[in-house]
**Q** 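The structure that follows is given in the form of structure tokens.
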Amino acid sequence: MFRQFRSAVAAALSDALADLGYPTDDLGIEDPPDGVDATLASSVAFRLASEAGAPPPQVAAEVAEAVDVAATEYLARVETNGPYVNFLVDDAYLADTLDAARDDEYGRLPPNGESVVVEHTSANPTGPVHVGRARNPIIGDAIANAVDYAGYDVDRHYYVNDAGRQMAIFTWAYETFDESELPEPAREKDDYDLVRYYRKGNEVLESGDEETVEAAEAEVASILQGLESGDEETYERVGEVVDTVLAGMEESLARLPAAFDEFVKETRFIRDGSSDEVAERLKDLEESVIEEGAWQVDLSEYGYEKKLVFLRSDGTSLYTTRDLAHHEWKFENYDRAVTVLGEDHKLQAGQLGAALDLLGNDTDRLESTFYSYVNLPEGKMSTRAGTAVNLDDLLDEAIDRAREEVERRMDDRIRDDDLAAEDVDRIARQVGIGAVRYDIVSKQPTKSITFEWDRALDFEAQSAPYVQYVHARCCGIVDEAGEEGLAPDAAVDPETLSTPEERDLLKVVARFPAVVEGAAEDLEPHRVATYTREFAETFNAFYRECPVLTADDEATREARLALVAAARHTVANALDVLGVEAPESM
RNA sequence: GGGCGUGUGGCCAAGCGGAUACGGCGAGCGGUUCCUAACCGCUAGAUCGCGGGUUCGAAUCCCGUCACGCCCGCCA
């Protein structure tokens, strides 16, 4: 309802200003601070003061007076507080919110007919997924969820870099070394198995004797050449390594869970000729030149000093050339394209956008969001060097610690719902993995994170379990009501919900669809996390002050139960956007 | 050297032109015969890196400066 109220207020305020002869270009609508009983406020009076020749409070009063309250949906009254004009909601706002949130899909916006592809993770298939890049699937999946909730038709893609030098090295190493030369794998899993070859290969290339390195480089070059020239046998050789490692990575990512609709291989754009076709079109641009045998495009009009090379002097394409073809393919199939990238790809992404623009694409349809890597207190994580904390280990540890917590709390548990062994497993998994996801998704991606076990796996306030607990409490109440034959769907007179805690909770529930909308629009899922925290705080105040099942009278009982059901749907879906499971008991 | 990002109480961190800077951890005090205490209440703790500027108003915008991170390849 908040979205409707917001546009109704904007229209009413705009009309009022126009009637008074004031400009309507800046309505100054904002959220009032905590403790103010209004749902929206405006600070226009400040800006109008000089034009009106009157102090802001006087202008505010004039504006407030001019707003047509009766004609504005959900607007109970307009008040002023010094220079601020405050807009207060009526009971219909709360009633309609309660009604809308009866739907367990509450928070989903109607389909808008637009398609979006969200590309995320896209880590090179060189070995197990590690925590340094774990922000990518977690943020990417949450962005995709938010965009999905906001009404878009979403596909989730993982772009597989299967055509680069790293994969050529990997393939050579895999075919060259024998298992007996390698250490034991950290896990019985294909990605852990194969990464040993990759590490060994890099080790040899770095410090092997000259002759070995020379032979290896020749083999690597031949693999790259084979890929470039469309040699089927080479694709098969590289493909075996890529697919095997990727399957292992996919399995780890699925634990988050982060699932993909499609793994799009880079070699696809070599094989279908689109990479060559892009290169030909680039050559025709007046910004393109050959320097030292290599084709390059001048992007200085976009602010890039150095020219972008798109064909090597030996005529082969580069990563960016293929990525251009990849993105034109996205434009052909989707209305919008979103990419989640590490901050080290910022320059490359900018150049990609510039080149796409030169090629005649509408680059407004392309958006990128960047995150900084998770580092260890002692420095960076590296697959090659083997210094990374693997995602699997983090999730295992999270689940173990969560299980300890569940078991520790079993003794002084009031609720006699006899958790079975499978419940303990379920809760440990939901809480453990939820805590990891929430910890990462709740922070602004641009801020750097230094990984520390205790901080990442804190189950207390401002964490996933804190929010999950609210959901479990809601479920507990609804379940118990059900046992007493009470369903949360009785017709409710909203005037029954009269305490500040009840009304505050409804107002927070009302904001949820707007939070989803904003998070999707700006690709900022952490805003949903911030919302869940505020939601949980508001719910806990309600829980403390307003008994539901033991309420004084039947009408209050039913009304509060309906409110709990609304809260339950809201928090469940907010967590769903974040990709965090909502336990029914914990 | 140039570009981009980050800098908010001891630690983490939201806010990113408007009303008293939202919270958490840690510290101190208190709360459970009552719908799950993974909870709640109270107390202490902040010149929002630093210096200028714009504005009626700046954590938020601009300039400068310092610190840290990332990037500046015919790598990906």
Side-chain angles (χ1 to χ4, degrees), chain A residues 28 30-36 41-43 46-47 49-50 55-56 81-84 86 124 126 161 163-167 266 291-296 303-306 309-316 318-320 322-323 342-348 350 370 372-373 375 380 402 405-406 408-409 412-417 427 431 435 439 442-444 446-450 452 454-455 458-470 472-481 526-527 529-530 533-534 536-537 540-541 543-551 560-561 564 585-586:
Chain A
E30 61 195 58
D31 295 327
D34 291 345
V36 174
S42 170
S43 56
F46 284 113
R47 264 142 287 167
S50 63
N81 186 346
Y84 295 96
N86 291 333
N124 292 341
T126 52
N161 307 148
R165 180 177 155 81
Q166 287 184 88
M167 293 324 299
E266 191 179 345
E291 273 177 25
E292 294 174 35
W295 273 98
Q296 31 203 301
Y304 297 102
E305 292 297 317
K306 295 194 175 168
V309 176
F310 60 91
L311 284 181
R312 296 189 182 92
S313 47
D314 65 2
T316 59
L318 288 91
Y319 174 83
T320 311
R322 290 165 235 137
D323 207 18
E343 61 178 345
D344 52 338
H345 285 71
K346 223 165 180 176
L347 176 64
Q348 189 267 329
F370 300 91
S372 61
Y373 289 115
N375 291 316
K380 290 187 193 177
E405 285 296 310
V406 177
R408 189 173 62 76
R409 289 162 204 269
D412 44 37
R413 197 177 161 84
I414 296 170
R415 193 178 175 79
D416 60 340
D417 55 357
I427 295 166
V431 166
D439 184 59
S442 62
K443 293 179 174 116
Q444 289 202 46
T446 48
K447 299 215 176 187
S448 58
I449 294 182
T450 301
E452 285 162 54
D454 288 340
R455 197 180 292 160
D458 178 9
F459 300 140
E460 304 261 280
Q462 232 178 62
S463 67
Y466 175 71
V467 180
Q468 290 172 314
Y469 191 60
V470 165
R473 276 180 156 175
C474 289
C475 292
I477 293 170
V478 172
D479 286 353
E480 202 154 318
H526 78 274
R527 279 157 56 168
T530 304
R533 199 193 78 206
E534 287 165 6
E537 282 162 8
N540 284 328
Y543 186 86
R544 183 182 70 242
E545 298 296 332
C546 305
V548 178
L549 300 171
T550 56
R560 286 181 178 168
L561 185 60
V564 169
S585 69
M586 62 186 278

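Values below: all heavy atoms of this structure, side chains included; hydrogens, waters and symmetry mates excluded. Chain letters run A, B, ... following the sequence lines, proteins first, then strands; residues in each count from 1.
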**Q** Going by atom types only, do A/Asn124 and A/Thr126 share a side-chain donor-acceptor pair under 3.5 Å?
**A**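 Their side chains do not contain a donor-acceptor pair, so the 3.5 Å distance test is not met.
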
**Q** As a test of reading the structure: which of B/C40, B/C35, B/A19 is closest to the side chain of A/Asn540, going by heavy atoms?
**A** B/C40

**Q** Rounding to an integer number of angstrom, what distance separates B/A59 and B/C50 when you compare their P atoms?
**A**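 Straight-line distance between the two P atoms is 11 Å.
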
**Q** Are the side chain of A/Ser372 and the backbone of A/Lys447 linked by a donor-acceptor contact shorter than 3.5 Å?
**A**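 Yes: the side chain of A/Ser372 pairs with the backbone of A/Lys447.
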
**Q** Could you tell me whether the phosphate oxygens of B/A76, OP1 or OP2, come under 4.0 Å of any side-chain nitrogen or oxygen in A/Arg165?
**A**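 Indeed not, no polar side-chain atom of A/Arg165 lies that close.
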
**Q** Name the nucleic acid region contacted by A/Arg408, choosing base, sugar-phosphate or nothing; use a 4.0 angstrom heavy-atom cut-off, strictly under.
**A** nothing

**Q** What's touching nucleotides 56-62 of chain B from the protein side, N or O pairs under 3.5 Å?
**A**
none

**Q** Check this for me: does the side-chain of A/Ser313 come within 3.5 Å of the base of B/C74 through a donor and an acceptor?
**A** yes

**Q** Give me the atom names and distance for the closest heavy-atom approach of A/Leu311 to A/Leu318.
**A** N-CD1, 3.8 Å

**Q** A/Arg544 side chain: which of B/C39, B/A37, B/G41 is closest?
**A**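 Selected nucleotide: B/G41.
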
**Q** Under 4.0 Å, heavy atoms only, any strand: does A/Asn375 hit a base, just the sugar-phosphate, or nothing?
**A** nothing

**Q** Measuring only the C1' atom in each nucleotide, how far is B/C42 from B/A67? A whole number of Å is fine.
**A**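 Straight-line distance between the two C1' atoms is 38 Å.
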
**Q** In whole Å, what separates the P atom of B/G49 from that of B/A76?
**A**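 B/G49 and B/A76 have their P atoms separated by 40 Å.
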
**Q** Sticking with atom P, work out how far B/U60 lies from B/U55, rounded to a whole angstrom.
**A**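 Nearest-Å result for B/U60 against B/U55 at atom P: 16 Å.
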
**Q** Identify whether any heavy atom of A/Ala163 sits under 4.0 Å from a base atom; if not, whether one sits that close to sugar-phosphate; answer base, sugar-phosphate or nothing.
**A**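 Nothing, no heavy atom under 4.0 Å.
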
**Q** Which pair of non-hydrogen atoms, one from A/Met586 and one from A/Ala472, has the smallest distance, and what is that distance?
**A** CG-CB, 3.7 Å

**Q** Base, sugar-phosphate, or nothing for A/Val406, non-hydrogen atoms under 4.0 angstrom?
**A** base

**Q** In whole Å, measure the gap between the P atoms of B/C11 and B/C48 for me.
**A**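 Comparing P positions in B/C11 and B/C48 gives a spacing of 16 Å.
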
**Q** Tell me the interatomic distance from A/Arg322, atom CZ, to B/C75, atom C1', rounded to whole angstroms.
**A** 10 Å

**Q** What nucleic acid atoms does A/Leu561 come within less than 4.0 Å of, heavy atoms only: base, sugar-phosphate, or nothing?
**A** nothing

**Q** Quick one: is A/Lys380 getting a side-chain N or O under 4.0 Å of the B/G69 phosphate, OP1 or OP2?
**A** no

**Q** A/Asn161 versus A/Tyr319: any side-chain heavy-atom pair under 4.5 Å?
**A** yes

**Q** Could you say whether A/Pro547 or A/Asn81 is positioned toward the 5' end of RNA chain B, judged by the nucleotide with the nearest heavy atom to each?
**A** A/Asn81

**Q** Given B/C34, is OP1 or OP2 found less than 4.0 Å from the side-chain N or O atoms of A/Tyr543?
**A** no

**Q** What's the CD-P distance between A/Glu480 and B/C35, to the nearest Å?
**A** 8 Å

**Q** Classify A/Cys546 by what it touches in the nucleic acid, base, sugar-phosphate, or nothing, heavy-atom distance under 4.0 Å.
**A** base

**Q** Quick one: are A/Asp458 and A/Ser463 in side-chain contact, heavy atoms under 4.5 Å?
**A**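 Side-chain contact under 4.5 Å: no.
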
**Q** Got A/Phe310 and A/Thr320 here, is their nearest side-chain heavy-atom distance under 4.5 Å?
**A**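 No, every pair of side-chain atoms sits at 4.5 Å or beyond.
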
**Q** Can the positive tip of A/Arg533 be found less than 6.0 Å from the middle of the six-membered ring of A/Tyr466, inside 45° of the ring normal?
**A** no

**Q** What's the closest nucleotide to the side chain of A/Val309 if the choices are B/A19, B/C74, B/A38?
**A**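 Nucleotide nearest to A/Val309's side chain: B/C74.
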
**Q** If we take the C1' atom in both B/U32 and B/A27, what is their distance in whole Å?
**A** 24 Å

**Q** Between atom CG in A/Asp323 and atom C1' in B/A76, what is the gap in whole Å?
**A** 10 Å

**Q** Counting any heavy atom closer than 4.0 Å, what does A/Ala472 reach on the DNA or RNA strands: base, sugar-phosphate only, or nothing?
**A**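 Base: the residue A/Ala472, judged by heavy atoms under 4.0 Å, touches a nucleobase.
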
**Q** Only pairs with both distances under 3.5 Å count, Watson-Crick or wobble alike; so what is the partner of B/A46 in this structure?
**A**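 Checking every strand shown, B/A46 finds no partner, since no pair has both distances under 3.5 Å.
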
**Q** Please work out if A/Leu311 contacts a base, only the sugar-phosphate, or nothing of the nucleic acid, heavy-atom cut-off 4.0 Å.
**A**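 Result for A/Leu311 = nothing.
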
**Q** Mind calculating the distance between CE (A/Met167) and P (B/A76) to the nearest angstrom?
**A**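 Computing the A/Met167:CE to B/A76:P distance gives 13 Å.
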
**Q** With a 3.5 angstrom cut-off on both distances, give the Watson-Crick or G-U wobble partner of B/G1, or none if there isn't one.
**A** B/C72

**Q** With a 3.5 Å limit on both atom pairs, tell me what B/G17 is paired to, counting Watson-Crick and G-U wobble, or say none.
**A** none

**Q** Hey, could you give me the CG/CZ distance between A/Leu549 and A/Arg560, rounded to the nearest 0.5 Å?
**A**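 The CZ atom of A/Arg560 is 11.0 Å from CG of A/Leu549, to the nearest 0.5 Å.
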
**Q** Look for any protein N or O under 3.5 Å of an N or O in nucleotides 6-16 of chain B and output each such pair with its distance, or none.
**A**
residue : atom : partner  : partner atom : Å
B/G7    : OP1  : A/Lys447 : NZ           : 2.8
B/C11   : O2'  : A/Arg455 : NH2          : 3.4
B/A14   : OP1  : A/Gln444 : N            : 3.1
B/A14   : OP2  : A/Lys447 : NZ           : 2.7
B/G15   : OP1  : A/His526 : NE2          : 3.1
B/G15   : OP2  : A/Gln444 : NE2          : 2.5
B/C16   : N4   : A/Gln444 : NE2          : 2.8

**Q** Would you mind reading off the distance between A/Phe310 atom CZ and B/C74 atom P, rounded to a whole angstrom?
**A** 13 Å

**Q** On RNA chain B, check which nucleotide each of A/Arg409 and A/Thr320 is closest to and give me the residue with the more 5' one.
**A**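 Nearest nucleotide further toward 5': that of A/Arg409.
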
**Q** With heavy atoms under 4.0 Å as the rule, sort A/Val431 into base, sugar-phosphate or nothing.
**A**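 Base contact - A/Val431 has a heavy atom under 4.0 Å of at least one base atom.
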
**Q** Take the protein atom CG of A/Asp34 and the nucleotide atom C1' of B/A21, then report the distance between them rounded to whole Å.
**A** 11 Å

**Q** So does A/Asn86 reach the base of B/A19 with its side chain, donor to acceptor, closer than 3.5 Å?
**A**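 Side chain to base: pair found, below 3.5 Å.
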
**Q** Nearest to the A/Arg312 side chain among B/A76, B/A38, B/A19, which nucleotide is it?
**A**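 So the side chain of A/Arg312 is nearest to B/A76.
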
**Q** Would you indicate what A/Gln468 reaches in the nucleic acid, counting non-hydrogen atoms under 4.0 angstrom: base, sugar-phosphate, or nothing?
**A**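 Nothing, no nucleic acid heavy atom in range.
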
**Q** In the structure I gave you, are the side-chain heavy atoms of A/Lys380 and A/Tyr373 within less than 4.5 Å of one another anywhere?
**A** no

**Q** Distance check, C1' atoms only: B/C25 and B/C68, in whole angstrom units.
**A** 23 Å

**Q** So A/Leu347, base contact, sugar-phosphate only, or nothing? Heavy-atom distance under 4.0 Å.
**A** sugar-phosphate

**Q** To the nearest 0.5 Å, what is the distance between CD (A/Glu460) and CD (A/Glu405)?
**A** 7.0 Å

**Q** Identify whether any heavy atom of A/Gly82 sits under 4.0 Å from a base atom; if not, whether one sits that close to sugar-phosphate; answer base, sugar-phosphate or nothing.
**A** nothing

**Q** Name the closest nucleotide to the A/Tyr319 side chain, picking from B/A76, B/G5, B/C39.
**A** B/A76

**Q** With rounding to the closest Å, how many angstrom separate the C1' atoms on B/C63 and B/C70?
**A**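 Approximately 24 Å lies between the C1' atom of B/C63 and that of B/C70.
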
**Q** Whether the side chain of A/Asn540 engages the backbone of A/Ala536 through a donor-acceptor N/O pair (distance < 3.5 Å, no angle test) should be reported.
**A**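 Judged by distance alone, yes, a pair lies under 3.5 Å.
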
**Q** Tell me which nucleotide among B/A19, B/C35, B/A37 gets nearest to the side chain of A/Ile477.
**A** B/C35

**Q** Out of B/A37, B/C74, B/C25, which has the shortest distance to the side chain of A/Asp458?
**A**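 Between B/A37, B/C74, B/C25, the one nearest the side chain of A/Asp458 would be B/C25.
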
**Q** Does the structure show a Watson-Crick or G-U wobble partner for B/C29, both distances under 3.5 Å? Name it, or say none.
**A** B/G41

**Q** Just checking, is any N or O donor in the side chain of A/Glu30 or A/Ser43 under 3.5 Å from an acceptor N or O on the other one?
**A**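 A/Glu30 vs A/Ser43: donor-acceptor pair found between side chains.
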
**Q** Between A/Ile477 and A/Tyr543, is there a side-chain heavy-atom distance shorter than 4.5 Å?
**A** yes

